[in-house]
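This report refers to the structure that appears directly beneath it.
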Amino acid sequence: MAMAFKMAMTGMRVTEECKNSFMEMKWKKVHRYIVFKIDERSKKLTVDKVGAAAEGYDDLAASLPVDDCRYAVFDFDFVTVDNCRKSKIFFIAWAPTASRIRAKMLYATSKDGLRRALDGIHHELQATDPTEMGFDVIKDRLI
């Protein structure tokens, strides 16, 4: 079976680089976050930026453009009240108000295809400005 997942309605394909980077983040913990973008010319979803394991949530927030849409996954490590170390992966659909309407529509219709290709996402956020995806919002989702 071909590993190219067609994305719903738009014909976008998730590249192997996207899936491999996600698996490295999920299993090997070499990345803290991954930012994905859609290349409209090639009709592929590609990796835009990868955050090293030492980077944090503020680095992810700073790497998102203020005038264009992106998808991101973030590996959030935390300690439970029972003193157990856990990790949850968050999927963030970033569509700032300053982005083009065409980009917002393209990202909205392609989101489910990417979510299906990236197995192991625990929580999803949709944000149009930084306050909707603040660190406190992430922590509140864990409870």
Side-chain angles (χ1 to χ4, degrees), residues 1-40 42-100 103-143:
M1 178 176 163
M3 290 304 292
F5 288 72
K6 287 276 188 174
M7 298 185 98
M9 308 270 303
T10 61
M12 293 293 158
R13 293 184 338 155
V14 179
T15 62
E16 287 296 319
E17 177 191 20
C18 294
K19 291 181 267 185
N20 292 339
S21 294
F22 180 75
M23 291 312 237
E24 287 175 353
M25 182 183 84
K26 181 179 170 182
W27 296 112
K28 297 179 182 176
K29 304 289 185 186
V30 294
H31 311 305
R32 176 65 60 203
Y33 65 86
I34 306 167
V35 178
F36 303 100
K37 72 175 184 176
I38 293 176
D39 183 356
E40 293 185 42
S42 66
K43 296 200 181 278
K44 292 181 183 176
L45 193 97
T46 60
V47 173
D48 186 33
K49 184 171 191 310
V50 176
E55 293 189 44
Y57 190 74
D58 292 334
D59 298 311
L60 166 64
S63 70
L64 296 172
V66 296
D67 61 350
D68 201 5
C69 301
R70 293 289 188 273
Y71 302 118
V73 288
F74 179 74
D75 190 4
F76 184 73
D77 294 328
F78 62 100
V79 178
T80 66
V81 291
D82 301 331
N83 207 25
C84 295
R85 296 182 60 84
K86 293 214 173 198
S87 177
K88 297 286 182 185
I89 297 177
F90 282 80
F91 179 87
I92 301 166
W94 173 248
T97 53
S99 61
R100 298 180 341 237
K104 289 179 188 179
M105 290 173 41
L106 185 61
Y107 276 79
T109 57
S110 301
K111 181 180 72 167
D112 289 335
L114 177 61
R115 285 278 324 257
R116 279 193 301 275
L118 304 179
D119 186 39
I121 293 172
H122 300 103
H123 300 282
E124 180 179 334
L125 293 172
Q126 294 185 12
T128 58
D129 67 71
T131 61
E132 293 177 350
M133 58 171 271
F135 193 69
D136 54 336
V137 175
I138 294 284
K139 289 194 307 190
D140 288 345
R141 292 283 177 110
L142 296 173
I143 299 173

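Heavy atoms only: backbone and side chains are in, while hydrogens, waters and symmetry mates are out.
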Got a second to check how far [X]'s [atom1] is from [Y]'s [atom2], nearest 0.5 Å?
X: L106; Y: R100; atom1: CG; atom2: CZ; value: 8.5 Å
X: C18; Y: I34; atom1: SG; atom2: CD1; value: 8.0 Å
X: E17; Y: E24; atom1: CD; atom2: CD; value: 9.5 Å
X: S110; Y: L45; atom1: OG; atom2: CG; value: 7.5 Å
X: L114; Y: R13; atom1: CG; atom2: CZ; value: 14.5 Å
X: E55; Y: H31; atom1: CD; atom2: NE2; value: 11.0 Å

Check this for me: [X], atom [atom1], are more than 12 non-hydrogen atoms of other residues, nucleotides or ligands nearer than 6.0 Å?
X: K29; atom1: NZ; result: yes
X: K44; atom1: NZ; result: no
X: D136; atom1: CG; result: yes

- [ ] Quick one: closest heavy-atom pair of S99 and A95, and the distance?
- [x]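 Closest approach of S99 to A95, heavy atoms only: OG-C, 4.2 Å.
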
- [ ] Measure from NZ or CZ of R141 to the centre of the six-membered ring of F90 and say whether it is under 6.0 Å with the direction within 45° of the ring axis.
- [x] no

Task: Partner set under salt bridge (charged side-chain N to carboxylate O under 4.0 Å, His left out) for R32, not counting sequence neighbours - done: D77

Please table the atom pairs, donor to acceptor, closer than 3.5 Å between any side-chain atom in residues 58-69 and protein atoms at least two apart or in another chain.
residue	atom	partner	partner atom	Å
D59	OD2	G56	N	2.8
S63	OG	L60	O	2.7
D68	OD2	R70	NH1	3.0

- [ ] Dump the intermediate steps for side-chain contact (heavy atoms from CB on, under 4.5 Å) on T46 and K37, then the final yes or no.
- [x] CA-CA 6 Å; T46 60; K37 72 175 184 176; 3.7 Å; yes

A side-chain contact here means heavy atoms from C-beta on lying under 4.5 Å apart; do [X] and [Y] qualify?
X: M25; Y: F74; value: no
X: K139; Y: F78; value: no
X: Y71; Y: I38; value: yes

Open item on the list: Can you tell me which residue among K111, H123, H122 is in a side-chain contact (heavy atoms from CB on, under 4.5 Å) with F91?
Closed with: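 In the set K111, H123, H122, the residue that makes a side-chain contact (heavy atoms from CB on, under 4.5 Å) with F91 is K111.
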
Open item on the list: Less than 3.5 Å apart, any donor N or O on the side chain of D129 or T131 sitting next to an acceptor on the other?
Closed with: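 There is such a pair between these side chains.
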
Open item on the list: Taking M105's backbone N and O only, do any of them form a donor-acceptor pair with T109's side chain (distance below 3.5 Å, no angle check)?
Closed with: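 Judged by distance alone, yes, a pair lies under 3.5 Å.
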
Open item on the list: Before you tell me yes or no, could you show the steps for V50 and V30 under side-chain contact (heavy atoms from CB on, under 4.5 Å), namely the whole-Å CA-CA distance, both residues' side-chain angles and the distance that decides it to 0.1 Å?
Closed with: CA-CA 10 Å; V50 176; V30 294; over 6 Å; no

- [ ] Show your reasoning for whether side-chain contact (heavy atoms from CB on, under 4.5 Å) applies to F22 and I89.
- [x] CA-CA 10 Å; F22 180 75; I89 297 177; 3.9 Å; yes

- [ ] Please test R116 against V14 for side-chain contact (heavy atoms from CB on, under 4.5 Å), starting from the C-alpha separation and ending with a verdict.
- [x] CA-CA 10 Å; R116 279 193 301 275; V14 179; over 6 Å; no

Task: Pairing residues for F135 by the ring pair (Phe, Tyr, Trp, His ring centres under 6.0 Å) criterion, not counting sequence neighbours - done: Y57, F76

